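Let me begin by presenting the structure, written as structure tokens, before commenting on it.
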Amino acid sequence: MVVYCTGNVTAKRRAFRSVNSEDSICVDNDEIIATYFLNSKLYFLIGEIPYSNMSVEQFVACARALKTQLPLNRMSIKEMVKQAGYTGSSRKKLGRLSRIEYRAVALAAKTDFTVKNIYLNFDGLEYSRKNSKQLKKFLAVCSKAYGVHVSVSDARFLPPNAQVLCYGSGNETVSTSVQKSVKKRILRKKLILAGMDIRLPSKVVRVVEL
């Protein structure tokens, strides 16, 4: 089962990060550097994927080494990332992955046989037909093995009749109706946010306005 989580970004991130336990894990949107509110609009500052120079194989091996002392060979890692929904080369650099592919690899690095529920944070992911198709495929793989909560900040990712959990600043409510579409615009990297004396750091790849 897949539950789509919408609403307050801060409340969602706080709730997702609080679920880490033996049977539940959170795979966060690590590439989001910061968020800003300006004139009632939400801006995501999106940076590079962490450890961008490491290969998928190196990243999973290092992450798993922190969980267990059992060695992992290349075939084991390939099987792990495949089960998590990543079908690319295990030698590919993380920096060349899409953000959805990176979540799949991060899931493989964190999960084990005790995990029953996963919380995937995709807040800040730009809507496109390609991203929508890739996310739908990824969630289909995940839902076969886990209960899935997925956080999205663009309502166009919600399929018809989706089960939706909407977060407020404090309380949460459940709705089965798909919310009205939200349009987003990608802003240039060198943009200085209007009305704010903030120059974006060089590691910011792009800014998304919601």
Side-chain angles (χ1 to χ4, degrees), residues 5 9-10 12-21 24-36 42-68 72 74 76-78 80-112 115 117-128 130-131 134-135 137-139 141-142 146 148-154 157 184 186-187 189-191 198-208 210:
C5 300
V9 172
T10 302
K12 286 189 290 181
R13 172 170 277 191
R14 182 170 58 245
F16 274 36
R17 288 181 172 180
S18 69
V19 302
N20 284 304
S21 63
S24 300
I25 59 172
C26 169
V27 182
D28 215 345
N29 52 351
D30 299 324
E31 71 282 359
I32 300 298
I33 297 173
T35 57
Y36 291 97
L42 175 63
Y43 295 83
F44 290 90
L45 273 61
I46 304 174
E48 294 181 348
I49 288 176
Y51 311 106
S52 58
N53 289 324
M54 294 182 71
S55 68
V56 169
E57 182 179 320
Q58 291 171 330
F59 176 72
V60 174
C62 289
R64 300 293 296 183
L66 300 175
K67 296 172 65 70
T68 176
L72 287 174
R74 181 168 296 169
S76 297
I77 293 175
K78 284 185 177 180
M80 290 173 63
V81 295
K82 182 179 179 180
Q83 290 178 355
Y86 175 72
T87 58
S89 170
S90 62
R91 296 185 179 182
K92 194 172 183 179
K93 299 291 187 182
L94 295 185
R96 296 179 58 200
L97 302 182
S98 72
R99 291 165 63 192
I100 298 170
E101 289 176 322
Y102 173 68
R103 292 296 188 286
V105 172
L107 174 61
K110 295 187 70 172
T111 192
D112 57 39
V115 174
N117 302 290
I118 58 174
Y119 292 74
L120 307 170
N121 193 341
F122 280 101
D123 279 339
L125 179 66
E126 310 96 303
Y127 178 83
S128 68
K130 180 179 179 180
N131 281 346
Q134 192 174 22
L135 179 60
K137 183 177 179 180
F138 175 48
L139 295 178
V141 172
C142 292
Y146 310 102
V148 180
H149 283 69
V150 55
S151 180
V152 292
S153 51
D154 193 312
F157 283 115
K184 300 202 311 189
I186 299 177
L187 309 180
K189 179 180 177 181
K190 294 182 179 180
L191 173 74
I198 296 178
R199 224 171 252 285
L200 304 182
S202 59
K203 62 181 178 179
V204 174
V205 176
R206 57 191 181 280
V207 181
V208 173
L210 190 60

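Residue numbers count from 1 along this sequence. Just so it is clear, the structure is predicted and the values come from calculations on it, not from any experiment.
- Looking at V81 and T87, their side chains never come closer than 4.5 Å, going by heavy atoms from C-beta outward.
- Although no hydrogens or angles enter the test, the distance criterion places a donor-acceptor pair under 3.5 Å between the side chain of K110 and the main chain of C26.
- For the side chain to side chain contact (heavy atoms under 4.5 Å, CB included) with L125, the qualifying choice from I32, I46, I100 is I100, the only one to do so.
- Using a 4.5 Å cut-off on side-chain heavy atoms (C-beta onward), S98 and Q134 make contact.
- With hydrogens and angles ignored, the 3.5 Å screen pairs a side-chain donor or acceptor of K12 with a backbone N or O of V152.
- Without hydrogens or angle criteria, N29 side chain to D123 main chain gives a donor-acceptor distance under 3.5 Å.
- Looking only at side-chain heavy atoms (C-beta outward), F138 and L120 come within less than 4.5 Å of each other.
- Note on E126 versus R99: salt bridge recorded, some NZ/NE/NH1/NH2 to OD/OE distance being below 4.0 Å.
- Distance NZ/K92 to CD/E101: 5.0 Å, rounded to 0.5 Å.
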query = Can you list the steps and then say if T111 with Y146 is a side chain to side chain donor-acceptor pair (under 3.5 Å)?
reply = CA-CA 10 Å; T111 192; Y146 310 102; 3.0 Å; yes
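- The shortest non-hydrogen separation linking A104 to A84 is O-CB, 3.4 Å.
- One distance of note links OG of S90 with CZ of R74; it measures 6.0 Å at 0.5 Å rounding.
- Tested against I118, the residues I25, V19, V27 include a single side chain to side chain contact (heavy atoms under 4.5 Å, CB included) partner, I25.
- Crowding of K93 atom NZ: a count of heavy atoms from other residues, nucleotides or ligands under 6.0 Å exceeding 12.
- Checking side-chain atoms of S24 against main-chain N and O of S21 turns up no donor-acceptor pair under 3.5 Å.
- The two residues G124 and S153 have their closest heavy-atom pair at N-OG, 2.9 Å.
- If you take CG on L97 and CZ on R103, they are separated by 11.0 Å, rounding to the nearest 0.5 Å.
- Ring geometry for H149 versus F16: interplanar angle over 60°, hence perpendicular rather than tilted (30 to 60°).
- Remark: the backbone N or O of M80 is not paired with any side-chain donor or acceptor of Q83 at under 3.5 angstrom.
- In plain terms, the two heavy atoms of I33 and G47 that are nearest each other are CD1-CA, 3.6 Å.
- Of all heavy-atom pairs between P50 and D30, the closest is CG-CB, 3.6 Å.
- The shortest side-chain heavy-atom distance between V9 and F44 falls under the 4.5 Å cut-off.
- Here the shortest heavy-atom pairing between C142 and L107 reads SG-CD2, 3.9 Å.
- Note that SG of C62 and OH of Y51 are 9.5 Å apart. Values are rounded to the nearest 0.5 Å.
- S89 has its side chain out of reach of V56: every pair of non-hydrogen atoms, C-beta onward, lies at least 4.5 Å apart.
- Within the model, atoms SG of C5 and CZ of F122 stand 12.5 Å from one another, a figure rounded to the nearest 0.5 Å.
- Separating the OH atom in Y102 from the CD atom in E31 is a distance of 7.5 Å, to the nearest 0.5 Å.
- Salt bridge status for D28 with R17: present, with a side-chain N to carboxylate O gap under 4.0 Å.
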